[in-house]
A.B. asks: 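This is the structure I want to talk about, given as structure tokens.
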Amino acid sequence: MDYTSVQKKLREQADEEIATHSKRFFKTGKGQYGEGDKFLGIRVPVQRKVAKSHKELPLQGVEKLLQSEYHEERLTAVFILTYKFEKGDEELREKVYHYYMENIGMINNWDLVDSSAPKIVGPHLENRDRSVLYDLAGSDNLWSRRIAIMSCMHFINQGDFSDAQNIAELLLHNEHDLIHKAVGWALREIGNKDMAAEEKFLKSHYQQMPRTMLRYAIEKFPEQKRKAYLKGII
């Protein structure tokens, strides 16, 4: 199995109209977060299907895809890595995690992050030292910071909120909208598991939160309580 077979399958499904829409959706204009990214125009379900049929692709081949200038080829590489991690033994999972971290610079848009960090980084660190997440949270790189908080989604699903809350606090004053959304999302997921835990965090920090972060965090609150948070009268 060779990475070129993945490219061939993907490019058979390329659609210029979808590619044009994707360039706008993923903000590829000058000064935007996805500046310069290129698209073939391939739907995500197609990418998942191709990834699943090529999940035995060696990591060297995955690396070729991950280094592609085309967004869809990088995302397909990420899907292959998640399939390898989910189905692999401990040795393979270790390799996939370290490979992912060594190539973190190519996990360079929110969909690549969100499709992989909670499924690879979070599970790998579940019973290990998690200090790497705090290093990522302090990075100058937007996607590294998003990986830090999105990895915590795995812990949240296990009922473990401490790292998510700590990293949310570190990112509280981050300037980027995509971090505001990710942190708010993580807090909302904490609330889905334990509303009291989310509210305890919010009562200490909600007045300092960017508006987008707060709106995401309280999205599922009853209307009256949501309005009270937005008005700052809790």
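FYI, the numbering just counts along the sequence from 1. Note that the structure is a prediction, hence the values are computed from the model and not measured.
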A.B. asks: When you measure from the side chain of His54 to the backbone of Ala77, do you find a donor-acceptor pair of N or O atoms at a distance under 3.5 Å?
C.D. replies: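 Judged by distance alone, no pair lies under 3.5 Å.
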
A.B. asks: Distance only, no hydrogens: is a donor on one side chain within 3.5 Å (strictly under) of an acceptor on the other, for Gln165 and Glu169?
C.D. replies: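 No, because no side-chain N or O of Gln165 sits under 3.5 Å from a partner of the opposite role on Glu169.
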
A.B. asks: What is the distance from atom CD of Glu72 to atom CG of Asp37, rounded to the nearest 0.5 Å?
C.D. replies: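 One gets 8.0 Å once the value is rounded to the nearest 0.5 Å.
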
A.B. asks: For the CZ atom on Arg11, are there more than 12 heavy atoms of other groups (residues, nucleotides or ligands in this structure) within a distance under 6.0 Å?
C.D. replies: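 Correct, the count exceeds 12.
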
A.B. asks: Partners of Arg226 by side chain to side chain donor-acceptor pair (under 3.5 Å), sequence neighbours excluded?
C.D. replies: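 Arg226: no side chain to side chain donor-acceptor pair (under 3.5 Å) contacts found.
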
A.B. asks: Are the side chain of Glu73 and the backbone N or O of Ser68 linked by a donor-acceptor pair below 3.5 Å?
C.D. replies: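 Answer holds: no.
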
A.B. asks: Verify the cluster assignment for Leu10 and Ile18: are they in a single hydrophobic cluster under the rule of side-chain heavy atoms below 4.5 Å apart?
C.D. replies: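 They do not share one cluster, since no chain of ILVMFWY contacts under 4.5 Å joins Leu10 to Ile18.
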
A.B. asks: Looking at every non-hydrogen atom in both residues, tell me the closest pair between Ser151 and Ala117 and how far apart they are.
C.D. replies: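 Residues Ser151 and Ala117, closest heavy atoms: OG-CB, 3.5 Å.
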
A.B. asks: Any chance the side chains of Asp2 and Thr4 put a donor and an acceptor closer than 3.5 Å?
C.D. replies: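 The answer is yes; a qualifying pair exists.
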
A.B. asks: Describe, in one word, how the ring planes of Tyr229 and Tyr206 are oriented to each other, choosing from parallel (under 30°), tilted (30 to 60°) and perpendicular (over 60°).
C.D. replies: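 Geometry flag for Tyr206 against Tyr229: perpendicular rings.
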
A.B. asks: On a heavy-atom basis, which atom in Ser116 and which in Val78 lie closest, and how many Å separate them?
C.D. replies: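 Where Ser116 meets Val78 most closely, the heavy atoms are CB-CG1, 3.4 Å.
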
A.B. asks: Looking only at non-hydrogen atoms, find the nearest pair between Leu171 and Ala137 and report the distance.
C.D. replies: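 Of all heavy-atom pairs spanning Leu171 and Ala137, the closest is CD2-O, 3.6 Å.
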
A.B. asks: Taking salt bridge (Lys or Arg N to Asp or Glu O under 4.0 Å) as the cut-off, I'd like each qualifying pair that reaches into residues 182-192, sequence neighbours left out, listed once.
C.D. replies: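 Output for this query lists Arg188-Glu219.
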
A.B. asks: Would you compute the distance between atom CG of Leu59 and atom CG of Leu81 and round it to the nearest 0.5 angstrom?
C.D. replies: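 The CG atom of Leu59 sits 6.5 Å away from the CG atom of Leu81.
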
A.B. asks: With a 4.5 Å heavy-atom cut-off, do Val121 and Leu133 have their side chains touching?
C.D. replies: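 When only atoms from C-beta onward are counted, Leu133 and Val121 do touch, with a gap below 4.5 Å.
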
A.B. asks: Any chance the side chains of Glu102 and His98 put a donor and an acceptor closer than 3.5 Å?
C.D. replies: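 Judged by distance alone, the side chains do not pair up.
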
A.B. asks: Working to the nearest 0.5 Å, report the span between CD1 of Ile80 and CG of Leu65.
C.D. replies: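 With rounding to 0.5 Å, CD1 (Ile80) is 5.5 Å from CG (Leu65).
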
A.B. asks: Does any non-hydrogen side-chain atom of Arg93 lie less than 4.5 Å from one of His124?
C.D. replies: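 A side-chain contact under 4.5 Å is absent here.
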
A.B. asks: Identify the heavy atoms of Ile107 and Trp143 that sit nearest to each other, and give their distance.
C.D. replies: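 Closest approach of Ile107 to Trp143, heavy atoms only: O-CB, 3.4 Å.
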
A.B. asks: Does Lys52 come within less than 4.0 Å of Glu86, counting only side-chain N to carboxylate O?
C.D. replies: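 No, no charged N to carboxylate O under 4.0 Å.
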
A.B. asks: Can you name the side chain to side chain donor-acceptor pair (under 3.5 Å) partners of Asp89, sequence neighbours left out?
C.D. replies: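 Counting only residues at least two positions away or on another chain, Asp89 forms no side chain to side chain donor-acceptor pair (under 3.5 Å).
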
A.B. asks: Would you check if the side chain of Gln47 reaches a backbone N or O of Ile42 as a donor-acceptor pair within less than 3.5 Å?
C.D. replies: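 Yes; at least one donor-acceptor contact below 3.5 Å.
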
A.B. asks: State the CD1-OH distance between Ile120 and Tyr99, to the nearest 0.5 angstrom.
C.D. replies: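 The distance works out to 10.5 Å.
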
A.B. asks: As a quick check of understanding, evaluate side chain to side chain contact (heavy atoms under 4.5 Å, CB included) for Asp114 and Met153, giving each step before the final call.
C.D. replies: CA-CA 10 Å; Asp114 297 1; Met153 291 294 197; over 6 Å; no

A.B. asks: So Glu198 and Phe221, side chain to side chain contact (heavy atoms under 4.5 Å, CB included) or not? Walk me through it.
C.D. replies: CA-CA 11 Å; Glu198 182 186 5; Phe221 282 18; 3.4 Å; yes

A.B. asks: If I compare all heavy atoms of Leu172 with all of Pro210, which pair ends up nearest, and what's the gap?
C.D. replies: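 Smallest interatomic distance, heavy atoms only, reads O-CD, 3.3 Å.
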
A.B. asks: Please answer whether the main-chain N or O of Ser144 pairs with a side-chain N or O of Asn141 as donor and acceptor at a distance below 3.5 Å.
C.D. replies: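 Answer holds: yes.
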
A.B. asks: If you count heavy atoms of other groups shown closer than 6.0 angstrom to CD of Glu16, is the number above 12?
C.D. replies: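 No, CD of Glu16 has 12 or fewer neighbouring heavy atoms, counting only those of other groups under 6.0 Å.
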
A.B. asks: Which residues satisfy the side chain to side chain donor-acceptor pair (under 3.5 Å) test with Arg130, sequence neighbours excluded?
C.D. replies: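 With sequence neighbours excluded, Arg130 shows a side chain to side chain donor-acceptor pair (under 3.5 Å) to Asp160, Asp163, given in chain and number order.
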
A.B. asks: Side chain to side chain donor-acceptor pair (under 3.5 Å) with Asn157: which residues, sequence neighbours excluded?
C.D. replies: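 Scan of Asn157 (side chain to side chain donor-acceptor pair (under 3.5 Å), adjacent residues dropped) gives none.
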
A.B. asks: Checking Lys84 side chain against Leu57 main chain: does a donor-acceptor pair fall under 3.5 Å?
C.D. replies: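 Yes, because the side chain of Lys84 sits within donor-acceptor range (under 3.5 Å) of the backbone of Leu57.
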
A.B. asks: In Å and rounded to the nearest 0.5 Å, what is the OH to NZ distance from Tyr100 to Lys119?
C.D. replies: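 Rounded to the nearest 0.5 Å, the OH-NZ separation comes out at 11.5 Å.
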
A.B. asks: Provide the closest heavy-atom pair for Leu187 versus Ala168 in the form atom of the first, atom of the second, distance.
C.D. replies: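 For Leu187 versus Ala168, the nearest heavy atoms are CD2-CB, 4.3 Å.
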
A.B. asks: Can you give each donor-acceptor pair under 3.5 Å made by side-chain atoms of residues 23-35, sequence neighbours left out, with the distance rounded to 0.1 Å?
C.D. replies:
from: Thr28; atom 1: OG1; to: Lys23; atom 2: O; distance (Å): 2.9
from: Gln32; atom 1: OE1; to: Gly29; atom 2: N; distance (Å): 2.7
from: Tyr33; atom 1: OH; to: Trp110; atom 2: NE1; distance (Å): 3.2
from: Glu35; atom 1: OE1; to: Gly31; atom 2: N; distance (Å): 3.0

A.B. asks: For Tyr3 and Val62, run side chain to side chain contact (heavy atoms under 4.5 Å, CB included): C-alpha distance rounded to whole Å, both residues' side-chain angles, the deciding distance at 0.1 Å, then the answer.
C.D. replies: CA-CA 7 Å; Tyr3 77 94; Val62 179; over 6 Å; no

A.B. asks: Give a yes or no on this: more than 12 heavy atoms of other residues, nucleotides or ligands lie within 6.0 Å of atom CD of Glu17.
C.D. replies: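 Incorrect, the count does not exceed 12.
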
A.B. asks: Can you measure from CD (Gln207) to CD1 (Ile233) and round to the nearest 0.5 angstrom?
C.D. replies: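 The CD atom of Gln207 sits 11.0 Å away from the CD1 atom of Ile233.
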
A.B. asks: Are Arg74 and Asn109 linked by a side-chain donor-acceptor pair shorter than 3.5 Å?
C.D. replies: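 No, no side-chain donor-acceptor contact under 3.5 Å.
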
A.B. asks: Please check: side-chain N/O of Arg146 versus main-chain N/O of Ile179, any donor-acceptor pairing under 3.5 Å?
C.D. replies: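 A pair under 3.5 Å: no.
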
A.B. asks: Whether the side chain of Ser53 engages the backbone of Val50 through a donor-acceptor N/O pair (distance < 3.5 Å, no angle test) should be reported.
C.D. replies: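 Confirmed, Ser53 side chain pairs with Val50 backbone.
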
